[in-house]
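I have placed the structure first, in the form of structure tokens, so that the comments after it can refer back to it.
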Amino acid sequence: MVEIGSKDTRDRAPSAPTSALGSGATLAAWILLGLVGLALAASFWVVVPAGERGVWLRFGQVQEQILDEGLHFVIPLVDSVELLTTRVQKQEIATEAASKDLQDVFSDVALNWHILPEKANAVFQQIGDEEDIVLAILNPAIEEVIKAVIAHYTAEEVITQRDQVKAEVDAGLRSRLAPYNLAIDDVSLTTIHFSKQFRDAVEAKQIAVQEAKQAEFVAKKALRQAEIEINLARGTAEAHQILQETLTPSILKYEALQKWDGRLPLITGEGTSTVIELEDLVPDRE
């Protein structure tokens with residue numbers, strides 16, 4: 001009897017692990033079912049982040065309604081949403097154009113732009129996403145406008161009238177991009193440079209201008225010096241003329257007496273000696 005009981009106990013012992021395994025599988029199944037349910041529920045909703053707009057497509061067709069920032073209800077397999085950013089974006093591009101005097105002008109352009117929020121669906125329908133906008137619209141527009149504007153200026157004017165060039169580029173891009181529902185926030189010509197041959201020519205011209213200015217300065221200095229000498233000579237001549245006209249015999253005698261040391265000059269020669277009178281030293285003036 002004891003042996004039979006022991007055998008029955010051994011036969012029933014493995015039933016406990018089997019029961020635990022079954023409970024674990026059931027729990028896993030419920031968890032999996034819950035996740036599937038959550039995923040299914042989430043598929044009915046879409047979140048549009050801040051600074052973006054949602055383009056609502058139903059069976060692939062763009063709808064007129066634009067989804068603003070926030071949570072929106074959609075129908076899975078029927079609706080889909082494409083997100084476009086409406087924040088200001090920066091596009092930089094290097095351009096090359098010919099000036100009015102046929103010089104090569106190289107410029108780096110930085111363009112700040114954004115999609116009009118209320119036209120996000122039209123932009124996506126006509127062009128596509130941000131990458132499509134840059135490649136298909138922005139870069140060609142920048143290059144074309146730069147070439148058109150630079151062609152109206154000489155290479156020197158591109159530098160000296162840089163603000164006016166920038167204003168024309170800005171106006172040209174605004175006009176060019178308006179039909180695509182793209183707004184221009186700012187345009188910057190970050191760098192402008194020319195070919196090496198042109199830079200060498202400009203440097204040579206500047207050196208020549210400096211040398212010409214130096215030569216002009218030297219010539220003007222010599223002319224001023226000559227004028228000074230002429231004026232001095234004229235003044236001396238005029239002074240002599242005045243002196244000659246104003247001196248009288250009495251004045252000359254007076255001046256001679258003021259400087260006389262009390263001795264009369266004596267001229268001696270062979271066998272003669274003569275004393276010169278004071279009156280003889282002062283010539284008579286008619």
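Everything quoted here is computed from the prediction, not taken from an experiment. The first residue of the sequence shown is numbered 1, and numbering continues consecutively from there.
Applying the side chain to side chain donor-acceptor pair (under 3.5 Å) criterion to R58, with sequence neighbours excluded, gives D79. Legend: residues meeting salt bridge (Lys or Arg N to Asp or Glu O under 4.0 Å) with R174, ordered by chain and number and at least two apart, are D170. In this structure N112 satisfies the side chain to side chain donor-acceptor pair (under 3.5 Å) test with no other residue, sequence neighbours excluded. Scanning for ring-ring contact (aromatic ring centres under 6.0 Å, His included) contacts around F73 gives F44, W45, with sequence neighbours left out. Residues passing the side chain to side chain donor-acceptor pair (under 3.5 Å) test with Q164 are Y153, sequence neighbours excluded. Partners of E52 under the side chain to side chain donor-acceptor pair (under 3.5 Å) rule, at least two apart in sequence or in another chain, do not exist in this structure.
Using a cutoff of 4.0 Å between basic side-chain nitrogens and carboxylate oxygens, D186 and K90 are not scored as salt-bridged.
Taken from CG in L111 to CG in L177, the straight-line distance is 7.0 Å, to the nearest 0.5 Å. Note that CG of D163 and CD of E168 are 12.0 Å apart. Values are rounded to the nearest 0.5 Å. Note that the NE2 atom of H152 and the CD atom of E157 stand 12.0 Å from one another [nearest 0.5 Å].
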Which pairs would a plain distance check flag for residues 81-88, meaning a side-chain donor or acceptor within less than 3.5 Å of a matching protein atom at least two apart in sequence or in another chain?
unit_1	atom_1	unit_2	atom_2	d
T85	OG1	G51	O	3.3
T85	OG1	R87	N	3.2
T86	OG1	G51	O	3.2
R87	NH2	A50	O	2.6

Expected list for residues 95-106: side-chain donor-acceptor pairs under 3.5 angstrom, two or more places apart:
unit_1	atom_1	unit_2	atom_2	d
T95	OG1	S107	O	3.1
T95	OG1	S107	OG	2.6
S99	OG	D101	OD1	2.4
S99	OG	Q103	N	2.9
S99	OG	Q103	O	3.3
D101	OD1	A155	N	3.1

Kindly list each side-chain donor-acceptor pair under 3.5 angstrom involving residues 119-127, sequence neighbours excluded, with atom names and distances?
unit_1	atom_1	unit_2	atom_2	d
N121	ND2	Q63	O	3.4
N121	ND2	E64	O	3.0

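Cluster membership check: L116 does not share its hydrophobic cluster with Y180, using side-chain heavy-atom separations under 4.5 Å among Ile, Leu, Val, Met, Phe, Trp and Tyr. There is no path of hydrophobic side-chain contacts, each under 4.5 Å, that joins I66 to V48.
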Inset, instruction - Evaluate the criterion side chain to side chain contact (heavy atoms under 4.5 Å, CB included) for residue pair L138 and I93; output intermediate values, then yes/no. - result: CA-CA 10 Å; L138 292 184; I93 181 175; over 6 Å; no

Inset, instruction - Please report the C-alpha distance between L173 and I142 in whole Å, then the side-chain angles of each, then the deciding distance to 0.1 Å, and finally whether the side chain to side chain contact (heavy atoms under 4.5 Å, CB included) criterion is met. - result: CA-CA 7 Å; L173 284 173; I142 294 173; 4.1 Å; yes

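Scanning both residues, A94 and D108, for their nearest heavy atoms gives CB-OD1, 3.4 Å. Of all heavy-atom pairs between T190 and A110, the closest is CG2-CB, 4.0 Å. Closest of all the heavy-atom pairs between T191 and R162 is N-NH2, 4.0 Å.
Note on residues 129-142: pairs passing side-chain hydrogen bond (donor to acceptor under 3.5 Å, both in side chains), not counting sequence neighbours, are Q91-N139.
Clustering of Ile, Leu, Val, Met, Phe, Trp and Tyr by side-chain heavy atoms under 4.5 Å joins L223 with none of the others. Side-chain heavy-atom separations under 4.5 angstrom define the hydrophobic clusters, and the remaining members of the one that includes L232 are I228.
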